[in-house]
J.: 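Sharing a structure below in structure tokens format, with a few things to ask.
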2 protein chains.
Amino acid sequence: MRNKTLCASISDERLAILSALGRRWRVSAGQVVTWAGDANSHCANVISGALKVSASTADGREQIVGLLFAGDFLGQLFVNEASLTVTALTDTDLCAFPRADFERALASYPRMERLLLERTMASLHEAQERMLSLGRKDARERVADFLLDLARRTGMCGAAGEIRVLIPISRGEMAGFLGLTIETISRQLTRLKSDRVIDFSRGERECVILNSAVLEAIVNPA
Amino acid sequence: MRNKTLCASISDERLAILSALGRRWRVSAGQVVTWAGDANSHCANVISGALKVSASTADGREQIVGLLFAGDFLGQLFVNEASLTVTALTDTDLCAFPRADFERALASYPRMERLLLERTMASLHEAQERMLSLGRKDARERVADFLLDLARRTGMCGAAGEIRVLIPISRGEMAGFLGLTIETISRQLTRLKSDRVIDFSRGERECVILNSAVLEAIVNPA
DNA sequence: CGAACGCTTGAACATGATCAACTCCGGTGG
DNA sequence: CCACCGGAGTTGATCATGTTCAAGCGTTCG
């Protein structure tokens, strides 16, 4: 579902018209695409790569409120000032539109508008799940949640029920995402490792889920 | 904006057709409108009253993910199982639709679909702000945020810069909303009171903001 | 080689949760 | 009319979880 871009929702000739509005934009890892507080002039589709969307306090605390991958829609509509900062995690390809043009175009392509509505609802749903996490779950649960989510989305099954997962972000970004600190993330991961629930080599992004039943049990306590 | 219902977006004769799909539904305070896990068969507009939308863990921890007031849209679209519980906080009037009918109707009334998209985006934006709160702000900041929000929405100005606010929910619901406990809410409020920032009489829902500058300073730290 | 970075680990600390008592109030029933 | 009860709110003491501060390790990159 993530891989179906909004553009795929409209017929080819119309796509051509829309594409005329958009321009290809390459962003390298670490670059900021949108600063919170700037004028909200553009939106985009993610062609390839990964980005983080984050909100921050005035004194610099950061909470990642979402991650974007290929096919996802980037940007806020109907508001004049961006409230979020979008940063590329990897080298990224975007198809960017002036926001005003895009909003106008939406009205002409009902199928696209519907698809965007569905996606926005899905994002809202994710946000609601994460509010539950951030508000009510402890560090262990948040990390387990995160790993299972990852496994569900990208997990490759290995031998005896093992699931191999590539953690796509750094510890710092995990912390930003889960509302914790780097140290807490690290401690929880090593605890899961010494409990033989997961395995990974020091500093590696590669992670193997040895016992997903235990993870499920952490996520779904009695 | 909150008071403009979706129904107001379409012309009168069409409204009549849509209304034929909907039925008036009175809910008394405390009643549950939708249980998480049930079939997602209905959605509704809020005619009057107030409701809470909450997510819960299997073991009963609850996080309120949103509040609904007159004019707001109630329900999740495009999914077959409700993931959230909706509970009336006060006696409430709804205009309820079978979800399938409503989704079909959306396609016929582009103005309504657009309005719903705008609202969903606005809800998403609120959710993002709250993720920042839940993930990164301490109790004092969350309470200050909440009071200022309330003041902005419903505040009546009094004499010397005072703002009178009626807190529409119990301490328990504030706690559920802010991701804290009842005791923490109480302590933060009495602390603000002894700091002469707000005033209220024991147990009263009426609250006066004496010094909104201090609240702003708490919300927007150096 | 040295510096920088990502990650881990340890120790001390702080914040908010938990447990428990108590007040205030409104309703209910003797 | 008053005694009783239950719910909402407050307050205090203790405790646990996660943060903060600090150090150290292993890699990579200049």
Side-chain angles (χ1 to χ4, degrees), chain A residues 28-30 52 57 59-63 87 89-90 132-147 166-195 198-207 218 221, chain B residues 29-30 52 57 59-63 87 89-90 133-147 166-195 198-207 218 221:
Chain A
S28 48
K52 66 173 178 178
T57 59
D59 62 345
R61 284 166 287 171
E62 177 196 53
Q63 175 65 46
T87 311
L89 295 171
T90 66
L132 178 59
S133 259
L134 295 171
R136 299 294 176 199
K137 296 189 184 174
D138 64 23
R140 193 169 166 75
E141 291 172 301
R142 293 187 209 182
V143 171
D145 260 338
F146 181 79
L147 291 175
L166 188 68
I167 299 178
I169 56 178
S170 70
R171 296 287 187 270
E173 281 144 1
M174 271 185 76
F177 193 71
L178 298 178
L180 298 167
T181 59
I182 293 179
E183 294 94 328
T184 300
I185 299 288
S186 187
R187 280 185 249 270
Q188 293 297 332
L189 286 175
T190 55
R191 176 159 170 222
L192 286 172
K193 183 173 163 187
S194 56
D195 289 352
I198 63 174
D199 194 25
F200 59 95
S201 352
R202 200 187 166 78
E204 280 307 322
R205 294 285 176 82
E206 184 91 25
C207 172
I218 294 171
Chain B
K52 66 172 179 178
T57 59
D59 63 344
R61 285 167 286 171
E62 178 196 52
Q63 175 66 49
T87 311
L89 296 172
T90 66
S133 259
L134 294 171
R136 298 295 175 199
K137 297 190 183 173
D138 65 22
R140 193 169 167 74
E141 291 172 302
R142 292 187 210 182
V143 170
D145 260 338
F146 180 80
L147 291 175
L166 189 67
I167 298 178
I169 55 178
S170 71
R171 297 287 186 272
E173 281 144 1
M174 271 186 77
F177 192 71
L178 299 178
L180 299 167
T181 59
I182 293 179
E183 295 93 327
T184 301
I185 299 288
S186 187
R187 278 185 250 271
Q188 293 298 332
L189 286 176
T190 54
R191 177 161 168 221
L192 286 173
K193 183 174 163 185
S194 56
D195 289 352
I198 64 174
D199 195 25
F200 60 94
S201 355
R202 196 186 168 79
E204 279 306 323
R205 294 285 177 81
E206 183 92 24
C207 172
I218 294 171

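Hydrogens, waters and symmetry mates are skipped; everything else that's a heavy atom, side chains included, is used.
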J.: According to a strict under-4.0 Å criterion, is B:Arg142 in side-chain N/O contact with OP1 or OP2 of C:dG16?
T.: no
J.: Is there a side-chain contact between A:Arg61 and B:Pro221 (heavy atoms, below 4.5 Å)?
T.: yes
J.: Which one, D:dT10, D:dT20, C:dG6, comes nearest to the side chain of A:Arg205?
T.: C:dG6
J.: What is the separation between atom CG on A:Leu178 and atom P on D:dG18, rounded to the nearest whole Å?
T.: 12 Å
J.: Within a strict 4.5 Å, meaning less than it, do heavy atoms of the A:Leu134 and A:Gln63 side chains meet?
T.: yes
J.: Measuring to OP1 and OP2 of D:dG7, would you say a side-chain N or O of B:Arg171 lies under 4.0 angstrom away?
T.: no
J.: Please classify the nucleic acid contact of B:Arg191 as base, sugar-phosphate, or nothing, using heavy-atom distances under 4.0 Å.
T.: nothing
J.: A:Ser170 side chain N/O closer than 4.0 Å to the phosphate oxygens (OP1, OP2) of C:dG6?
T.: no
J.: Would you say a side-chain N or O of A:Thr184 is under 4.0 Å from OP1 or OP2 of D:dT17?
T.: no
J.: Using a heavy-atom cut-off of 4.0 Å across all strands, would you classify B:Arg136 as base, sugar-phosphate, or nothing?
T.: nothing
J.: C:dG6 P sits how many Å from A:Ile167 CD1, rounded?
T.: 16 Å
J.: Starting at the 5' end of DNA chain C, which residue's closest nucleotide do you reach first, A:Leu189 or B:Arg140?
T.: A:Leu189
J.: Measure the distance from CD on A:Glu173 to C1' on C:dG6 and round it to the nearest whole Å.
T.: 11 Å
J.: Could you tell me how far apart B:Glu183 (CD) and C:dC19 (P) are, to the nearest whole angstrom?
T.: 10 Å
J.: Is there side-chain contact between B:Ser170 and B:Arg205, with heavy atoms separated by less than 4.5 Å?
T.: yes
J.: Whole Å only: how far is the CE atom of B:Met174 from the C1' atom of D:dA8?
T.: 14 Å
J.: Taking C-beta and beyond as the side chain, do A:Leu178 and A:Thr184 meet within less than 4.5 Å on heavy atoms?
T.: no
J.: Nearest-Å distance, CG (B:Asp138) to P (C:dA14)?
T.: 14 Å
J.: Could you tell me how far apart B:Gln188 (CD) and D:dT11 (P) are, to the nearest whole angstrom?
T.: 13 Å
J.: Just the rounded figure in Å: distance from C1' of D:dT19 to CG of A:Leu180.
T.: 10 Å
J.: Can you tell me if A:Thr181 touches the phosphate of D:dG18, counting only side-chain N or O atoms and a distance under 4.0 Å to OP1 or OP2?
T.: no
J.: Please report the shortest heavy-atom distance between A:Gly172 and A:Ile182, naming the atom on each side.
T.: CA-CG1, 3.7 Å
J.: Under 3.5 Å, is there any donor-acceptor pair linking the side chain of A:Arg187 to the base of D:dT20?
T.: yes
